[in-house]
Amino acid sequence: MTPPTLLITDRLPYLWRFLGVNYGQLRAILLVKLTLDNRRPVAFNQWKKASETKNSYWLSLGMYAFLGLLFAMFLSFAPPTGIVKPAALFFGYVLAICTMSLISDFSSVILDSADNQIMLFRPVDSRTMLVARIVHIVSYLFAIALAVGVAGILVIGYRFGSVAGLLTLVMCLLMAILAVFLTNVIYLGLMQFVSNERIREVINYVQIGMGVVFYGGYQILPRLINSDGDARFQPFIWKAWHYFLPPLWSAGSLDIVINRQVDGQHWGLLGLALTMPFVGLYIMIRVLGPAFSSQLANLDQDETAKPTTAPVKTSNASKPSLSFANRMANWLTSSPLEKAGFTFVWFITGRDRKFKLRTYPGLGFGLVYAVIMTTNNKSAMAQGDGFFLLILYFGGIYIMTALMQIAISDNFKAAWIYESAPMREPGILLVGALKALVVKLMVPYFMVLAAYVLYLKGSSVLPDICLAFVNSLVMLLVSAIVSKRHLPFSMEQDVLRNNATSRSFLSLFILGLIGAAHWGLTYVPYARWIAIPIMAGVAFVLLRSYRKTQWSDIEN
């Protein structure tokens, strides 16, 4: 069956001639890319192996559609005169989801140089290759935007007519195009100003920062446009700086159809919503396309020309100084094998770009959400009702995600060295890896959260901070023990995704039990100080149990 994307592109011959691309070549490249997309497994497809996964693309779209139902509720309750605020929230959610999907799933497609290696020596020009990449990404984001927005589109169409529903559909698709344009411009800008040796590392941190900014911007947007503190759906008061917020372009355009707001201000918003995404695409293809392909080719040349071994530096010092990781390993580990696991995970997590891209955005989301949550609940924080406890447990939540990520590696086939090494008790290695994760990520992250809580509540929450840290360790250890165990960086990502959903629900359940118990202890005098050594003892027992992991407990 011909994919829907190709059915659409087959009917746009004038567009491809205008852009100056070879459509026969473009269609062949797209067919291969779309076929590979549908073979990627998703987290909730647990009953199949990665090699047997089919139609996972459609399953993931169904999950996105389910999540979009929540935001359709805001549109269903809003009166016509107050539709702008919930509509801006809805379109902002579509833009945020498209951007996050692009960063998490398709960032490798934008920067993928495999196409260059396969097709540059064939009669395929760089413009055709870039258009194929853009159409591939846009079609993927179109599907996500439709899945996320289908409930909202139906609600708008049912309440305000088919024209409003059709306009909502168009605006959702334009949000997806805008996400592609913004991401590509940022990447190409970095390639112009950052040396090729550091471009992938810098882009990795930019991806992390973009994820946090888009998530935080989506959280802040409804508060900015409703700064009067009135939660009711009141008529929207437009201001000049609203023209810089793309979700408000779409919301203002919808206001024209629903409330007949036909004035220069609304026509300007409609013009921005309809033209800016296509202007961005034109600039990408006609102006930035050759430069982008050239930069990717240079990036490939630099990586292949890079020496495989670093030059040996001579020193007159009789004893080389130890790195910080080695010093920490000497203090915190009790055996050579445990030290090896500690230093191995420490160094790889600092060098692996994909690990940082999968893990660090979640840490940033937690900080943004903690700040936003407290600003929205100042009365609860002031009353000291334990609301701040949720902030303290954010560290444990995101480190549990990081614990799952350290099992994933693109070079997972190198894990044969584990079984060939004289290692009788793999649990010792796992304990070292766990300690590295706690020291490198959990402790600094928890210290930031604790400092924020101390700033808000004062020194009276010190017992809560200590107990929350110990409880987070217990929660992390329980999650590691009851879940499937994998040696560090020994699994393919598609295989490990199969148990991600069950592990996430289990972690949330454990968090709920421990957090509820902690909240209950806040009402008992001195109970928190008594619970700290008890929970520390529980953590010690769990760590010893985890250390006893045998080869039969390891999942391959």
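Count residues from 1 along the sequence.
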**Prompt:** Sub-3.5 Å donor-acceptor pair from the side chain of S479 to the main-chain atoms of M475, do we have one?
**Reply:** no
**Request:** With rounding to the nearest 0.5 Å, note down the distance linking CG in L75 to CD1 in I153.
**Result:** 10.5 Å
**Message:** Any side-chain to backbone donor/acceptor pair from K440 onto W346? Under 3.5 Å, distance only.
**Reply:** yes
**Item:** Side chains of L434 and L476 in contact at under 4.5 Å (non-hydrogen atoms)
**Value:** yes
**Prompt:** From R327 CZ over to T343 OG1, what is the distance, rounded to the nearest 0.5 angstrom?
**Reply:** 14.0 Å
**Complete:** Minimal heavy-atom distance between V461 and G458, with the atoms involved, is CG2-O, 3.1 Å
**Prompt:** Nearest heavy-atom pair of L392 and A450: which atoms, and what distance?
**Reply:** CD2-CA, 4.1 Å
**Asked** How many angstroms lie between atom CE of M175 and atom CD1 of I144, to the nearest 0.5 angstrom?
**Response** 15.5 Å
**Item:** Heavy-atom pair with the smallest gap, counting every atom of G149 and C172
**Value:** CA-SG, 4.4 Å
**Request:** Determine whether S490 and Y418 make a side-chain contact, defined as any pair of heavy atoms from C-beta on separated by less than 4.5 Å.
**Result:** yes
**Message:** Filter on side-chain hydrogen bond (donor to acceptor under 3.5 Å, both in side chains), then keep only pairs touching residues 426-439, sequence neighbours left out; what's left?
**Reply:** E338-K435
**Asked** Taking all non-hydrogen atoms of both residues, which atom of I408 and which atom of F489 are closest, and how far apart?
**Response** O-CD2, 3.3 Å
**Request:** Write down the atom of K339, the atom of A329, and the distance for their closest heavy-atom approach.
**Result:** CG-CB, 3.6 Å
**Prompt:** Do I348 and P488 have side-chain heavy atoms sitting under 4.5 Å apart?
**Reply:** no
**Prompt:** Which atom pair, heavy atoms only, marks the closest approach of A88 to A251?
**Reply:** N-CB, 3.7 Å
**Complete:** By side chain to side chain contact (heavy atoms under 4.5 Å, CB included), L473 pairs with (sequence neighbours left out) V438, M442, F469
**Asked** S334 versus R547: any side-chain heavy-atom pair under 4.5 Å?
**Response** yes
**Message:** Using side-chain heavy atoms (C-beta onward) and a distance below 4.5 Å, is L429 in contact with T549?
**Reply:** no
**Prompt:** Taking atom CG of L467 and atom CG of L389, what is their separation to the nearest 0.5 Å?
**Reply:** 8.5 Å
Give the table of side-chain donor-acceptor pairs shorter than 3.5 Å for residues 525-543, with sequence neighbours excluded, one pair per line with atom names and distance.
{"residue": "R528", "atom": "NH1", "partner": "D464", "partner atom": "OD1", "Å": "3.2"}
{"residue": "R528", "atom": "NH1", "partner": "D464", "partner atom": "OD2", "Å": "2.5"}

**Asked** So do the side chains of W249 and F91 get within less than 4.5 Å of each other, counting heavy atoms only?
**Response** no
**Message:** Once rounded to the nearest 0.5 Å, what's the spacing between atom OG1 of T349 and atom CG of L437?
**Reply:** 7.5 Å
**Request:** First locate atom CG of N471, then atom CG of L513, and finally report the distance between them rounded to the nearest 0.5 Å.
**Result:** 11.5 Å
